[in-house]
Structure formats: structure tokens, C-alpha cells
Amino acid sequence: MRRLLLEIGRALKGFGKPVRDILNDQRDSGYVVLSPFVNSLCICGDESFGDSWCESLRFFNLEKKLFNPDEMKLLLSFGKNFGYGDTDEQVELIKVTAEYFEEFEKRAGEEALKLGKLKLMLPIYAGMVVCILII
């Protein structure tokens with residue numbers, strides 16, 4: 001999600017493109033997990049961006065269960081607030097939201113590293129216990 005938000009921010013700031021055009025450009029950018037979400041956002045051309053963002057996000061998360069309740073609250077708030085104000089305010093909103101996900105990714109990586117070490121050491125410890133019991 002962070003990568004998608006950053007790409008939207010870059011295109012807004014650098015090219016001043018409408019968000020729907022940016023999303024259409026991002027459809028083929030290799031978002032393996034998020035591609036159904038991006039595609040559904042692109043299809044909802046008649047609705048406001050905030051409405052289509054929230055509706056697509058809820059449906060996507062109902063199916064994939066990717067985001068926890070706090071993340072959903074943040075992303076729904078982002079969708080509702082995005083588009084109000086000038087480009088700088090929108091880029092700032094993207095930056096704040098992306099920073100949250102960057103911090104989340106760091107914490108998830110640290111936790112995975114801790115669990116990875118545990119999973120590696122568990123068979124070794126089990127083997128040692130078996131050896132002790134045999135002796």
C-alpha cells in the first residue's frame with residue numbers, strides 16, 4: 001500500500017495528473033496483492049474518489065483480510081480526506097499515511113526476524129532434548 005500511495009504522490013506533485021489517470025497508469029505496475037483493489041478503483045469512474053476508495057477498500061479487505069482495524073481506519077480516513085485542498089495538502093496527506101505504513105513494515109520485519117530465528121532454533125533444541133533423553 002505504501003508503494004501505491006507514494007506513486008500517487010509523485011505523479012500528483014510531478015505531473016499534476018488526475019488521480020484516476022494515475023491509478024490507471026498503476027494498473028500494470030505489478031501490484032500482485034493490491035491489483036484487485038486498484039482495478040476496482042479504476043472501474044468506479046462515476047462515483048467520487050472518496051466513495052469509491054472506501055467501498056473498494058472495504059470489499060478488498062473483506063476478501064483478503066490484509067489490513068487490521070487500525071489500518072483500515074487510517075486508510076478509510078485517507079480516502080475520505082483525499083482530494084480536498086491543494087496539491088501540497090494532498091501530497092502531505094499521502095506522506096503521513098505512507099510513513100505509518102513504513103513504520104508498520106519495519107515492525108513486521110523485526111517481528112518476522114525474531115520468529116524466524118525461533119523457527120530455526122526450535123528443531124535444534126528439539127534434537128538436543130531427544131539426544132539427552134536417549135543418553
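Start at 1 with the first residue, then count along the sequence. All values reported here derive from a predicted model rather than from experimental measurement. Every heavy atom of this structure was used, including side-chain atoms; hydrogens, water molecules and symmetry mates were not.
Atom CG in N61 sits 8.5 Å away from atom CG in L75 (nearest 0.5 Å). Rounding to the nearest 0.5 angstrom, the gap separating the CE atom in M1 from the CG atom in L74 is 10.0 Å. A distance of 4.5 Å separates OH of Y100 from CD of E71, quoted to the nearest 0.5 Å. In this structure, E63 CD and F37 CZ are separated by 13.0 Å, a value rounded to the nearest 0.5 Å. Between the CD1 atom of I22 and the CZ atom of R27 there is a distance of 15.0 Å, given to the nearest 0.5 Å. Expressed to the nearest 0.5 Å, how far CD of E102 lies from CZ of R107 amounts to 11.5 Å.
Taking both residues in full, the closest heavy atoms of L5 and I94 are given as O-CG2, 3.0 Å, listed atom of the first, atom of the second, then distance. Across every non-hydrogen atom of A98 and L6, the tightest pair is CB-CD2, 3.8 Å. Heavy atoms only, all atoms of each residue included: S29 and R3 are closest at O-NH2, 2.6 Å. A pairwise comparison of heavy atoms in K80 and C54 identifies CG-SG, 3.8 Å as the closest pair. Considering every non-hydrogen atom in both L12 and T87, the closest pair reads O-CG2, 3.7 Å. Annotation for V33 and F60: closest pair O-CE1, 3.3 Å, computed over non-hydrogen atoms.
Using cut-offs of 30° and 60° for the angle between ring planes, the F101 and F67 rings count as perpendicular. The aromatic rings of W53 and F49 sit tilted relative to each other, their planes meeting at an angle between 30° and 60°.
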Item checked: Worked check of side-chain contact (heavy atoms from CB on, under 4.5 Å) between L41 and L57 -> CA-CA 9 Å; L41 271 175; L57 185 65; over 6 Å; no

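Atom NZ of K17 sits in a crowded spot, with more than 12 heavy atoms from other residues, nucleotides or ligands closer than 6.0 Å.
Residues L76 and R58 form a side-chain contact, since some pair of their non-hydrogen atoms from C-beta on lies under 4.5 Å apart. The side-chain heavy atoms of V96 and F78, taken from C-beta on, include no pair separated by under 4.5 Å.
Both L66 and M72 are assigned to one and the same hydrophobic cluster, defined by single-linkage of ILVMFWY side chains at heavy-atom distances under 4.5 Å.
A salt bridge links R10 and E7; the closest N-O separation between the charged side-chain nitrogens and carboxylate oxygens is under 4.0 Å.
Counting only N and O atoms by type, the side chains of S52 and E55 include no donor and acceptor under 3.5 Å apart.
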